[in-house]
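Beneath this line is the structure, given in structure tokens, with notes to follow.
Positions are given from 1 along the sequence. Values in this document were obtained by computation on a predicted structure and should not be read as measured data.
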Amino acid sequence: MKISLRNSAGVCAALALSGCDLAPRYEAPHFVVPENWTGQAPFAQATPADAQLPTDWWHLFGDPVLDGLEARAIDQNADLQAAAERFVQARALVMRARADLLPHVGLAFGASDNKQSADALFRYKGATTQTDEFYGGLVSWEPDLWSEIRNQVRMSKYAAQQKAAEFAGARLSLEAEVASDYIALRGYDAQDAIYRQSIAYYQKAVDMTRTQLENQAAPRLDLARAENRLYVAQAAELDVRAQREVAEHAIAVLTNTAPESFHIDPAQNFSLRQLEVPTGVPSELLQRRPDIAAAERVMAQANRSIGVARAAFYPHISLHADGGFHANGFDLAKLANSAWSYGATASMPIFEGGLRRAALQYSWAAYRETRDDYRSTVLAGFREVEDEQSRMHLFREEDMRLKAAVHTAMDMQDMTMTLYKGGLSNYLDSIVAQEAALDARIAEVQVAVRSVQASVGLIRALGGGWNDKVLPSPDDTMTFDVFQYDHLHHPEPAGGISSVSPQKFENLVTGEQGVSAVR
């Protein structure tokens with residue numbers, strides 16, 4: 001069969017443009033997941049519109065102070081901004097890898113004036129001075145026959161998607177940390193209020209006991225017991241205040257504010273309500289968690305690296321051409337002064353002591369490692385959801401029983417004090433009742449705080465309303481055109497992360513501005 005030169009050129013051009021992809025066919029692993037969660041947390045029956053958590057889930061608490069803190073943290077947190085910059089850097093690496101697919105064109109020009117010594121050996125007879133001028137161009141291109149460059153570009157695109165998912169994970173972690181710290185701070189406020197109420201009660205008990213002692217109606221031991229309870233409560237109240245200040249400092253750092261200029265006004269009680277969190281079905285977790293999406297993109301990169309390693313076994317061809325004008329005067333633009341060169345080079349390693357085989361085996365092992373990491377990440381996600389569901393259920397049950405314990409302890413405290421005033425009981429009974437009332441009230445607040453924090457943990461474990469559909473597509477990771485030269489001196493900031501696809505990516509970098517909570 002005869003093949004014409006024109007057909008041969010067409011076949012070669014098509015092969016150069018399409019390439020031969022040596023990477024294995026990639027498919028994300030499929031896991032057999034349960035149909036339902038086994039956690040015991042009570043969940044409301046959600047309508048289809050409410051089955052998905054909103055991305056601004058903290059508004060469900062109905063606390064304007066928390067809304068303001070979340071808005072400030074998302075806008076100003078330094079760690080989150082650094083995560084955004086890592087995504088922008090990854091997008092730049094996509095464009096750098098893509099540049100190798102295109103021909104590289106350059107220009108060169110220069111001029112010199114040279115003088116030889118009159119006594120120079122082998123000097124040409126004539127003038128001792130000479131001028132030299134040239135200008136020309138250079139073009140080089142490597143046809144990507146084995147898709148080595150294309151696979152490197154795809155790896156860079158997947159890496160940019162991975163950084164986008166990691167940015168979403170960093171934002172979710174920040175949101176959850178702010179909410180958890182704020183809940184803890186409000187818990188300290190409630191405990192401090194309880195201690196101050198108890199201290200006032202104990203102070204009255206001390207005054208009453210001192211009066212009875214002066215009237216010889218009580219022994220001095222009763223006064224010592226009453227003063228002891230007062231001093232212990234005062235010390236415990238100081239410890240709670242210290243913990244509150246530490247929590248406030250942590251929130252200040254999360255919102256990118258110096259702790260000494262940051263303050264949240266205290267509240268008198270713990271009013272944050274329990275949330276009914278829609279969990280959906282377990283299979284949706286694979287699309288909801290940013291860390292799972294990031295692990296999957298790492299696996300996709302490792303798959304493409306196998307194709308890069310395989311391409312090293314095949315010949316590499318590069319084309320080059322250069323030309324211009326060269327003369328020893330300023331009259332360059334003449335055909336006689338033109339110079340040009342073009343050619344092609346092909347290289348293929350023959351023996352390198354197993355270097356390429358070692359690289360290929362390494363890429364296969366690295367790919368299998370990413371599959372194991374992905375499986376581990378998925379299992380960890382399921383465990384976290386189940387853990388937080390169990391915590392929510394048990395803490396709510398515990399809180400209900402502690403509320404009943406508080407009611408009975410307060411009654412016991414009032415009754416024993418009444419009996420002591422009437423001389424029908426000793427002060428030791430009152431001390432026991434006071435300790436029981438204070439301990440029950442503090443424990444109830446602590447468990448209420450842990451219960452609400454568990455709902456935040458469940459939201460975080462479920463992905464906080466995130467979905468992998470908001471990730472930029474591989475083509476969306478390319479940031480500029482090859483002929484674009486603006487923003488060279490003032491590049492776009494990391495906030496430009498949303499410019500990839502405003503409809504898809506807006507909820508990753510923007511949030512509603514809540515009411516400012518601090519002064």
For the residue pair Ser305 and Gln152, establish whether any side-chain heavy-atom pair is separated by less than 4.5 Å. no
Side chain to side chain donor-acceptor pair (under 3.5 Å) between Arg154 and Asn151: does it pass, once the steps are laid out? CA-CA 5 Å; Arg154 295 182 183 112; Asn151 280 324; 3.1 Å; yes
I'd like to know if the side chain of Asn256 and the backbone of Asn77 have a donor-acceptor N/O pair within less than 3.5 Å. no
Ile459, Val277, Leu275 screened by side-chain contact (heavy atoms from CB on, under 4.5 Å) with Trp57, the one that passes: Ile459
Step-by-step side chain to side chain donor-acceptor pair (under 3.5 Å) determination, Gln197 to Arg441: CA-CA 11 Å; Gln197 293 169 10; Arg441 296 179 70 189; 2.5 Å; yes
Do you know the tightest heavy-atom contact between Leu254 and Asp181? CD1-OD2, 3.6 Å
In terms of side-chain geometry, is the basic nitrogen of Glu227 or Arg210 positioned less than 4.0 Å from the acidic oxygen of its partner? yes
Derivation and outcome, side chain to side chain donor-acceptor pair (under 3.5 Å), residues Asn303 and Tyr158: CA-CA 11 Å; Asn303 175 268; Tyr158 300 158; over 6 Å; no
Not counting sequence neighbours, which residues clear side chain to side chain contact (heavy atoms under 4.5 Å, CB included) with Leu213? List them please. Arg220, Leu223
Using every non-hydrogen atom in the two residues, find where Ala73 and Leu80 come nearest and quote the distance to one decimal. O-CD2, 4.5 Å
Would you check, one step at a time, whether the test salt bridge (charged side-chain N to carboxylate O under 4.0 Å, His left out) holds for Glu369 with Arg371? CA-CA 5 Å; Glu369 179 187 3; Arg371 289 177 62 91; over 6 Å; no
Quick one: are Lys403 and Val406 in side-chain contact, heavy atoms under 4.5 Å? no
Under the salt bridge (Lys or Arg N to Asp or Glu O under 4.0 Å) test, which residues partner Arg368, sequence neighbours left out? none
Correct closest heavy-atom pair for Ala436 and Met412 would be CB-CE, 3.7 Å
Using side-chain heavy atoms (C-beta onward) and a distance below 4.5 Å, is Tyr201 in contact with Met417? yes
Step-by-step side chain to side chain contact (heavy atoms under 4.5 Å, CB included) determination, Met478 to Arg91: CA-CA 6 Å; Met478 295 186 292; Arg91 294 175 70 186; over 6 Å; no
Do Asp207 and Gln203 pass the side chain to side chain donor-acceptor pair (under 3.5 Å) test, and can you show the C-alpha distance, the side-chain angles, and the key distance before you say yes or no? CA-CA 6 Å; Asp207 295 339; Gln203 184 63 59; 3.3 Å; yes
Take Val452 and Arg273 through the side chain to side chain contact (heavy atoms under 4.5 Å, CB included) test and state the conclusion after the steps. CA-CA 7 Å; Val452 178; Arg273 61 175 179 262; over 6 Å; no
Is Arg229 salt-bridged to Glu435, cutoff N-O under 4.0 Å? yes
Pair Glu398, Arg401 - check salt bridge (charged side-chain N to carboxylate O under 4.0 Å, His left out), show working. CA-CA 5 Å; Glu398 185 179 0; Arg401 285 158 177 76; over 6 Å; no
Measuring from Leu174:CG to Ile74:CD1, what's the distance to the nearest 0.5 Å? 7.0 Å
So that I can tick it off, tell me whether Lys157 and Asp475 are bridged by a salt bridge, with the cut-off set at under 4.0 angstrom between side-chain N and carboxylate O. yes
The single option from Arg460, Arg288, Arg289 passing salt bridge (Lys or Arg N to Asp or Glu O under 4.0 Å) against Glu384: Arg289
Quick one: closest heavy-atom pair of Ala293 and Ala165, and the distance? CB-CB, 4.2 Å
Flag side-chain contact, heavy atom, 4.5 Å: Glu175 against Trp58: yes
Under 3.5 Å side-chain donor-acceptor pair for Thr370 and Asp373: no
Quick one: does Glu166's side chain get under 4.5 Å of Pro290's, heavy atoms only? no
If you measure from the Lys or Arg side-chain nitrogens to the Asp or Glu carboxylate oxygens, is any gap between Arg396 and Glu276 under 4.0 Å? yes
Could you tell me whether Met415 atom CE has more than 12 heavy atoms of other residues or ligands within 6.0 Å of it? yes
Hey, what do you get for CZ (Phe270) to OH (Tyr188), rounding to the nearest 0.5 Å? 12.0 Å
Side-chain heavy-atom pair Gln268, Ser271 within 4.5 angstrom cut-off: no
Looking at Arg383 and Glu386, is there a salt bridge between them, counting it only when a charged N and a carboxylate O are closer than 4.0 Å? no
Side chain to side chain contact (heavy atoms under 4.5 Å, CB included) between Ile183 and Val456: does it pass, once the steps are laid out? CA-CA 10 Å; Ile183 293 167; Val456 173; 3.6 Å; yes
Between Asp387 and Arg391, does at least one N-O distance fall below 4.0 Å, as a salt bridge requires? no
Is the shortest side-chain N to carboxylate O distance from Asp372 to Arg375 below 4.0 Å? yes
With the side chain counted from C-beta on, respond yes when Arg72 and Thr257 share a heavy-atom pair under 4.5 Å apart, and no when they do not. yes
For Thr377 and Ile292, which heavy atoms make the closest approach, and how far apart are they? CG2-CG1, 3.9 Å
Indicate yes or no for a side-chain donor-acceptor contact from Gln453 to the backbone of Ser180 under 3.5 Å, with no hydrogens or angles considered. yes
Look up atom CD in Glu177 and atom CD in Glu70, then write down how far apart they are to the nearest 0.5 Å. 10.5 Å
Any ion pair linking Arg241 and Glu245 (charged N to carboxylate O, less than 4.0 Å)? no
Answer whether the closest heavy-atom distance between the side chains of Gln274 and Ser451 falls below 4.5 Å. yes
Closest approach of Pro278 to Leu53 (non-hydrogen atoms, all atoms of both residues): CD-CD2, 3.9 Å
Atom pair CD/CD of Gln162 and Gln301 - distance to nearest 0.5 Å: 5.0 Å
Output yes when a side-chain donor or acceptor of Asp399 lies under 3.5 Å from a complementary backbone atom of Val447, and no otherwise. no
Going through the distances and angles, do Gln389 and Leu462 end up as a side chain to side chain contact (heavy atoms under 4.5 Å, CB included)? CA-CA 11 Å; Gln389 287 189 99; Leu462 291 171; over 6 Å; no
What's the spacing between Asn467 CG and Thr55 OG1 if we round to 0.5 Å? 11.5 Å
Output for pair (Leu360 CG, Leu355 CG), nearest 0.5 Å, gives 11.5 Å
Please check this pair: side chain of Arg244 against backbone of Ala184, looking for a donor-acceptor N/O pair closer than 3.5 Å. no
